[in-house]
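Before any comments, here is the structure.
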Amino acid sequence: MIQTVSKTFFSTIAGSSGLKSLASRYGMRGPRSFARRFIAGETVEEAIAAARIIEASGLQQTLDLLGESVANMAEADAATRAYIEVIDKIVASGVGRNISLKLTQLGLTLDRATCVDNLRRILDVAQQHGFFVRIDMENSPFTQVTLDVFETMWEQGYRNVGVVLQSCLSRSVADAKRMNELGARVRIVKGAYKEPRAVAYQEKEQVDAAFLVITKLLLSGGNYPAIATHDPAMITAARAYAKEHGIAHDKFEFQMLFGIRRDLQAGLSSEGYNVRVYVPFGREWFPYFMRRLGERPANIGFVVRGILSER
Ligand code: FDA
């Protein structure tokens, strides 16, 4: 209940352009700024520096150039070119070749065909350099179209690409079965957006139960699934299921967000599990940051302390 109210509140704030520009002015300033706990920085160089630290401690990473819902085609094109530049810089740096992106960043809300073209431009360069590209999942108006775009790419022979399914959506069990049929790589998450009752479970228990159903489907019949959660109960259940069914550690990975439960990340890695950290960076960090606050109201205390300590 508290989580639902909090998600609603923070998703409203996430859409406020006034607060966005205020936060953008102050949130990322200085090494102790409040947003830096969750966002690696505004530049790809800062993200690569974070990636190096992550890899030095035995973890893997995926870099996400933040951005969503661009306003026009020029912005979609700029985001596409920016991603290609990110790929080049990652190659030059020598860190792991894995990126995450959002289709509304590439123009999905404006024109689907152009968005597909933009995605193809990125996948071609990514493929050339041995990258894996994860298409993040946005809120439910985009679920079907995101999966459709993914399947179009799959039919065209791209295999360096994967999707995300959200256990809060009642459709996701069927979507997981479909992805298993294709042999596609899936990241399973609970879902970061406030969703309507018509399409989504409203109770945490239901979301958790569905998460485990889908995790088991993916572990048994999927292609190197990513179990993306910080919830110890989900992690314990996934580990137990894998052990019981003789699924080796190298057949799946755990994923967590930059700055969240670093203790769990390190612990799992030291036990021999593959752990990948999602590293967001870029100037468009405000909506991402608000979703993280909405997930855990206790983070507000952390932010307030950060602001006060900067005085
Ligand atoms: P839950 O919310 O139940 O939290 C379990 C525990 O984790 C909490 O008690 C707390 O200890 C810790 N925790 C969780 N969130 C925290 C936070 N913000 N700050 C501090 N501690 C926190 N969503 C989506 O809709 N589309 C997507 O593409 C993705 N992609 C994605 C990638 C990766 C690698 C991860 C880990 C997550 C996503 N998500 C996502 C977000 C996901 O849907 C979900 O909102 C968050 O992971 C929080 O849910 P948990 O599974 O961690 O459980």
Side-chain angles (χ1 to χ4, degrees), residues 1-4 6-7 10-11 14 34-35 37-40 54 59-64 66-68 98-105 132-143 146-147 150 161-169 172 175 185-195 199-201 203-212 214-215 225-238 252-265 267-268 274-280 287-303 306:
M1 175 65 184
I2 291 174
Q3 210 169 27
T4 308
S6 156
K7 266 190 179 178
F10 283 99
S11 61
F34 58 85
R37 166 72 189 272
F38 302 107
I39 292 120
I54 287 165
L59 310 172
Q60 294 166 296
Q61 44 75 27
T62 179
L63 294 194
D64 171 51
L66 291 166
E68 49 200 88
N98 195 305
I99 53 172
S100 297
L101 52 76
K102 291 183 174 52
L103 293 185
T104 64
Q105 193 175 9
F132 182 75
V133 179
R134 178 78 62 180
I135 304 174
D136 285 347
M137 187 57 83
E138 300 177 70
N139 45 341
S140 58
F142 300 108
T143 310
T146 301
L147 294 175
F150 169 74
V161 58
V163 285
V164 178
L165 296 177
Q166 299 152 324
S167 72
C168 67
L169 299 186
S172 290
D175 290 334
R185 278 172 63 173
V186 174
R187 173 200 293 155
I188 178 67
V189 301
K190 291 189 186 180
Y193 301 86
K194 169 79 187 109
E195 297 290 358
V199 297
Y201 303 119
E203 303 301 327
K204 176 174 162 55
E205 292 69 29
Q206 296 171 300
V207 176
D208 288 358
F211 189 96
L212 290 182
I214 296 168
T215 295
I227 302 160
T229 180
H230 317 90
D231 186 341
M234 301 296 109
I235 293 168
T236 302
F252 63 96
E253 68 184 25
F254 289 108
Q255 293 190 352
M256 294 186 212
L257 300 175
F258 181 77
I260 299 180
R261 292 305 309 258
R262 285 171 284 200
D263 55 333
L264 262 185
Q265 297 172 13
L268 284 168
N274 291 336
V275 179
R276 187 179 304 278
V277 180
Y278 182 103
V279 182
Y288 174 90
F289 181 61
M290 283 298 131
R291 284 196 291 277
R292 303 292 78 83
L293 292 190
E295 278 157 5
R296 192 163 179 257
N299 284 339
I300 301 162
F302 165 78
V303 169

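In each ligand, atom 1 is the first atom listed, and ligand 1 is the first ligand listed. Just so you know, residue 1 is the first one in the sequence shown, and it goes up from there.
Interface of Y278 with ligand 1, defined as ligand atoms under 4.0 Å from a residue heavy atom, comprises 32 (C), 34 (C). For ligand 1, the atoms sitting less than 4.0 Å from at least one non-hydrogen atom of G191 are 25 (O), 42 (C), 43 (O), 45 (O), numbered in the order shown with element in parentheses. In summary, the atoms of ligand 1 found under 4.0 Å from a heavy atom of Q255, numbered by their order in the structure, are 34 (C), 36 (C). Below 4.0 Å from some heavy atom of V164 lie the following atoms of ligand 1, by number and element: 27 (C), 28 (O). Heavy-atom proximity to K190, at under 4.0 Å, picks out these atoms of ligand 1: 1 (P), 3 (O), 43 (O), 51 (O), 53 (O). Those atoms of ligand 1 that come under 4.0 Å of a heavy atom in Q166, given as number and element, are 24 (C), 25 (O), 26 (N). Short contacts between ligand 1 and K204, defined as distances under 4.0 Å to a heavy atom of the residue, involve ligand atoms 3 (O). Atoms of ligand 1 lying under 4.0 Å from at least one heavy atom of D136, given by number and element, are 28 (O).
A salt bridge does not link R261 with E295: every distance from a Lys NZ or Arg NE/NH1/NH2 to an Asp or Glu carboxylate oxygen is 4.0 Å or more.
Looking at R187 and M137, their side chains never come closer than 4.5 Å, going by heavy atoms from C-beta outward. Proximity of I54 to F258: side-chain heavy atoms (C-beta onward) are separated by under 4.5 Å at one or more points. Using a 4.5 Å heavy-atom threshold, the side chains of E203 and D208 count as separate. Considering only heavy atoms from C-beta on, I188 stays 4.5 Å or farther from T229 through its side chain. Between T146 and E138 the shortest side-chain heavy-atom distance does not fall below 4.5 Å. The closest side-chain heavy-atom distance from L293 to M290 is below 4.5 Å.
Contacts of R291 with ligand 1, taken as heavy-atom pairs under 4.0 Å, are absent altogether. Here R187 has side-chain heavy atoms under 4.0 Å from ligand 1, and that is the only part of it that gets that close. Using a 4.0 Å cut-off between heavy atoms, Y193 contacts ligand 1 through its side chain alone, with no backbone atom that close. Proximity of L257 to ligand 1, defined as any heavy-atom pair under 4.0 Å, is shared by backbone and side chain alike. Here E295 has side-chain heavy atoms under 4.0 Å from ligand 1, and that is the only part of it that gets that close. With a 4.0 Å cut-off on non-hydrogen atoms, M234 does not touch ligand 1 at all.
Nearest-residue assignment for atom 39 (N) of ligand 1 (options I260, V189, L293; heavy-atom criterion): V189.
At a 3.5 angstrom cut-off on N or O pairs, T229 counts as close to ligand 1.
Between Y278 and Y288, the ring planes are parallel. Angles under 30° get that label, and only those over 60° would be called perpendicular.
Using a distance-only test at 3.5 Å, with no hydrogens or angles considered, no donor-acceptor pair links the side chain of E68 to the main chain of K102.
The shortest heavy-atom contact between A226 and R134 is CB-NH2, 4.0 Å.
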